[in-house]
Amino acid sequence: MNASDRDSLPRFLDIATEAALTAGAVLQAHWGDLDFIEEKGRAGDLVTAADKASEKAVLEVLQRHLSDHDILAEESGNIGNADSRYLWAIDPLDGTTNFAHQFPFSAVSIGLLIDGEPAVGAIYDPYRRELFRGATGLGATCDRRPIQVSKTSQLRKSLLVTGFAYDRRETDDNNYAEFCHFTHLTQGVRRTGSASLDLAYVACGRFDGYWERGLSPWDIAAGIVLVREAGGTVTAYDGSPLDVNSGRILATNGPLHEHISQELMRVSPLQNVGESVPSMKNG
Ligand code: IPD
Ligand code: CA
Ligand code: CA
């Protein structure tokens, strides 16, 4: 990131915020609107009218302000200027399964990568009306108040969070063994169904750590900025530098990072169990 990028961060953060709040209002308006629900490919990977309407709202804001930037949006794919150093990674509704079951835990997640590095993040939970924001060097906030990661330094006193990707029935690398392993070692492991809020909650100290595999850049770009700016650590499972395209992430409060990383590296996958859930298309 160069000096001119750094000067632009407050403006980029304001634009990300405008997009997140605008799309959040769309999600509020669509609450309970379950007429259109489709599977995108894998069993359980849903898309609703709300995902599409929210994404349209985000794109309208970004394209109005920054028409020369690149965009990776979950429902529209790669659009925008592929030559740009600025890539916006957008999840218009992170927590679609929750939304489709009227479980009010989901968010709009808007991240900006500069030269591939997460630099700006805005995550808005329209059901709790909580806005998480952050940018490199500018700190992280929840509802405009500074936030910090927790200070927990013992695994047995920690609360962790994780998730399971839509390919979980097709691979033994499905995170089931890791979930059991950490459930034994900690005060608990939660599965909320919204990766971006999992990261925002690590940033504000509600969780002490988060790991997951099978993710896309739009799930994590914004949250990575929040955790780092709140004083936490974000890497690959083995502690090496994170590649946002690898699908795997370990984000913690810092004191627990090495311990969780070591335990993650020790777990061997469980064999797949039980029958697969049939796709909605097959009845
Ligand atoms: C999903 C959620 C979930 C995570 C999945 C994601 P979506 O995103 O973030 O917590 O476990 O891997 O795909 O489909 O609700 O946008
Ligand atoms: Ca997502
Ligand atoms: Ca989504």
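Both counts, for ligands and for their atoms, begin at 1 and track the order of listing. For reference, positions follow the sequence shown, starting with 1.
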Please tabulate, for the side chains in residues 234-243, all donor-acceptor contacts under 3.5 angstrom to protein atoms that are two or more places apart in sequence or on a different chain.
| unit_1 | atom_1 | unit_2 | atom_2 | d |
| --- | --- | --- | --- | --- |
| T235 | OG1 | H257 | NE2 | 2.8 |
| Y237 | OH | E212 | O | 3.3 |
| Y237 | OH | R213 | N | 3.4 |
| D238 | OD1 | S240 | N | 2.9 |
| D238 | OD1 | S240 | OG | 2.6 |
| D243 | OD1 | N245 | N | 2.9 |

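Protein atoms that are N, O or S and lie under 3.0 Å from the Ca ion (ligand 3) are these: E74 OE1, D91 OD1, L93 O.
Counted by atom type alone, S106 and N98 present zero donor-acceptor pairs between their side chains at under 3.5 Å. Defined by atom type and a distance below 3.5 Å, a donor-acceptor pair is present between the side-chain atoms of T162 and N175.
For ligand 1, the atoms sitting less than 4.0 Å from at least one non-hydrogen atom of R191 are 3 (C), 4 (C), 10 (O), 11 (O), numbered in the order shown with element in parentheses. Short contacts between ligand 1 and F164, defined as distances under 4.0 Å to a heavy atom of the residue, involve ligand atoms 11 (O). Of all atoms in ligand 1, numbered sequentially from 1 with element shown, those under 4.0 Å from a heavy atom of D91 are 16 (O). Close contacts between ligand 1 and T96 involve ligand atoms 15 (O) [criterion: under 4.0 Å to a heavy atom]. Annotation for ligand 1: atoms under 4.0 Å from non-hydrogen atoms of G95 are 7 (P), 15 (O), 16 (O). Each of the atoms 2 (C), 9 (O), 10 (O) of ligand 1 lies under 4.0 Å from some heavy atom of A195.
Annotation: the span from I224 atom CD1 to E117 atom CD amounts to 8.5 Å, rounded to 0.5 Å. We find the CH2-CD distance between W31 and Q102 to be 5.5 Å, quoted to the nearest 0.5 Å.
Ion pairing between a basic and an acidic side chain is recognised when a charged N comes within 4.0 Å of a carboxylate O; E75 and K40 show such pairing. For E55 and K52, the salt-bridge test fails: no basic side-chain N is under 4.0 Å from an acidic carboxylate O.
At a 3.5 angstrom cut-off on N or O pairs, E212 counts as close to ligand 1. Note: no N/O pair closer than 3.5 Å links G214 and ligand 1 by distance alone. For a threshold of 3.5 Å applied to N or O pairs, the pair formed by T97 and ligand 1 contains no separation below that value.
Distances shorter than 4.0 angstrom do not occur between any heavy atom of D198 and any atom of ligand 1.
Counting protein heavy atoms only, atom 8 (O) of ligand 1 is closest to D94 OD1, 3.0 Å. Atom 6 (C) of ligand 1 has D219 OD1, 4.1 Å as its closest protein atom, hydrogens excluded (heavy atom only).
For residues 215-225, no residue pair satisfies the salt bridge (Lys or Arg N to Asp or Glu O under 4.0 Å) rule, not counting sequence neighbours.
Of all the heavy atoms of Y166, the ones lying under 4.0 Å from any atom of ligand 1 belong exclusively to the side chain.
Distances from atom 2 (C) of ligand 1 to the heavy atoms of G193, G44, S216 put G193 nearest.
Here the two rings, on Y201 and F105, have centers that are under 6.0 Å apart.
Residue R128 places its CZ atom among more than 12 non-hydrogen atoms of other residues, nucleotides or ligands, all under 6.0 Å distant.
Residues passing the side-chain hydrogen bond (donor to acceptor under 3.5 Å, both in side chains) test with E18 are R64, H65, sequence neighbours excluded.
Ring geometry for Y127 against F99 counts as tilted: the plane angle lies between 30° and 60°, on a 0 to 90° scale. The aromatic rings of F182 and W211 lie tilted to each other, with the angle between the two planes from 30° to 60°.
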